[in-house]
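This one's a predicted model, so the numbers in the text were calculated from it and none came from an experiment. Nothing fancy with the numbering, it's 1 onward along the sequence.
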Amino acid sequence: MRGLNGTFLIFAMYIIGILLVCFAMDGMVTGEVDNDFNYMSASDFNKDMYVDGEVIYSLGCFSESQLQYRSIGATTGGMYLVPVGVNGNDEGKYIGVFVGKQDFEIMDEITADTVNFVLGKKQSMDGSPTLSIKGKVKTYGTDEKEFLYDYMKQVLGTDSRAECDKYIVQYYIDYEGAKNAYMKLIIGIVLILIPTLIIIGKIRNSAEDKKRAKAIANFNAPQSNTYKYTDNVSENANTYSDNSGNTYSYEQSNEYTQENTSDTIGETSTESTSTSKFRLKE
């Protein structure tokens, strides 16, 4: 059971890590971006392009994103409606900007100042906060688009979707995704590396275990060692006389062989043999 849980955990880390890397790559903005949405027309926006600029005005948040776990939900971000082309060809059109929960405060301040400026309670937006953003242009999801139309109907005081279409860009800017892309990428890589290192470690340990088991088996196996040496005796050290009274000198070499055998319980048996060789001297 423990092995199955470990395998599932490794598999889950791989899946989560890969998903985070994919999300990071999808939202990541690299290099300089030359598309300032404050100078763009509605027709200039295209899916998957990168834009940047300062959020100066806001009509408020029309959709919130939540992370849901069973009956518990936590707000992670929100979609605010901001005008495009305010410093260029102002067509009176608005695009959604998705920001993280940590940016709600400043976006709400911008929204409040915008409403006061439109109602004439504020003479200009000078001194109002702004938010510098950079992100990828994406298409709305089904629910987000419905929230957008419902919000615009309230702002415009109409029930006509066609009337709302005159004022909205059919895309949104994912600022939060771009801002957290590098963090997601780092976490994703770590989640991929950890199980990879665990697997490599298991493979190495398995190889070491096999090597250790082989060494133990070889150590316990019967051992046989053979020793052989020769003892040469000098020619003047030995003489030989035959029946006729003739005396000969000879060389003698003694060869000894010893074989030691150890069994698996550590007992040793020894077997020795010796051979003497004679050669008559001329």
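A distance of 11.0 Å separates CZ in F104 from OG1 in T111, rounded to the nearest 0.5 Å. Summarising the geometry, atom CD1 belonging to I106 is positioned 6.5 Å from atom OG1 belonging to T130; distances are rounded to the nearest 0.5 Å. How far CG of D113 is from CD1 of I56: 12.5 Å, rounded to the nearest 0.5 Å. Between atom OG1 of residue T139 and atom CD of residue Q170 there is a gap of 10.5 Å, rounded to the nearest 0.5 Å. Taking CG of D52 as the start and OG of S132 as the end, the distance is 7.0 Å to the nearest 0.5 Å.
The two residues D174 and K138 make their nearest non-hydrogen contact at OD2-NZ, 2.8 Å.
A donor-acceptor distance shorter than 3.5 angstrom exists from the side chain of D44 to the backbone of S41, with no hydrogens or angles considered. Distance alone, capped at 3.5 Å, is enough to place a donor-acceptor pair between the N38 side chain and the E54 backbone. A donor-acceptor pair under 3.5 Å links the side-chain atoms of N35 to the main chain of Y50, judged by distance alone. Under the 3.5 Å distance criterion, the side-chain polar atoms of S65 are left unmatched by any main-chain donor or acceptor of G77. In this structure, the side chain of E163 does not engage the main chain of T158 through any donor-acceptor pair within 3.5 Å. Using modelled atom types, one side-chain atom of T114 and one backbone atom of S58 make a donor-acceptor pair closer than 3.5 Å.
Applying the ring pair (Phe, Tyr, Trp, His ring centres under 6.0 Å) rule to pairs touching residues 115-168 yields Y140-Y172, sequence neighbours excluded. Residue pairs that meet the salt bridge (charged side-chain N to carboxylate O under 4.0 Å, His left out) test with at least one member in residues 141-160, sequence neighbours left out, are E146-R161.
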* To do: Apply side chain to side chain contact (heavy atoms under 4.5 Å, CB included) to F98 and I133, showing your working.
  => CA-CA 10 Å; F98 183 68; I133 68 169; over 6 Å; no
* Kindly indicate, with the supporting measurements, whether the criterion side chain to side chain contact (heavy atoms under 4.5 Å, CB included) is fulfilled by I95 and V82. => CA-CA 6 Å; I95 191 170; V82 304; 3.9 Å; yes
* Please lay out, stage by stage, how Y175 and D103 fare under the test side chain to side chain contact (heavy atoms under 4.5 Å, CB included). => CA-CA 10 Å; Y175 168 56; D103 294 314; 3.4 Å; yes
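Here the side chains of L148 and M79 are not in contact, with every heavy-atom distance at 4.5 Å or above. Between M152 and L81 the shortest side-chain heavy-atom distance falls below 4.5 Å.
No single ILVMFWY cluster, assembled from side-chain heavy atoms under 4.5 Å apart, contains both M107 and Y57. At a threshold of 4.5 Å between side-chain heavy atoms, the hydrophobic network of Ile, Leu, Val, Met, Phe, Trp and Tyr places V137 and V55 in one connected group. Under the 4.5 Å side-chain contact rule for hydrophobic residues, Y94 and V155 share a cluster.
Considering only residues two or more places apart in sequence or on other chains, F45 meets the ring-ring contact (aromatic ring centres under 6.0 Å, His included) condition with none of them.
Inspection of the N46 and Y171 side chains reveals no N or O donor paired with an N or O acceptor under 3.5 Å.
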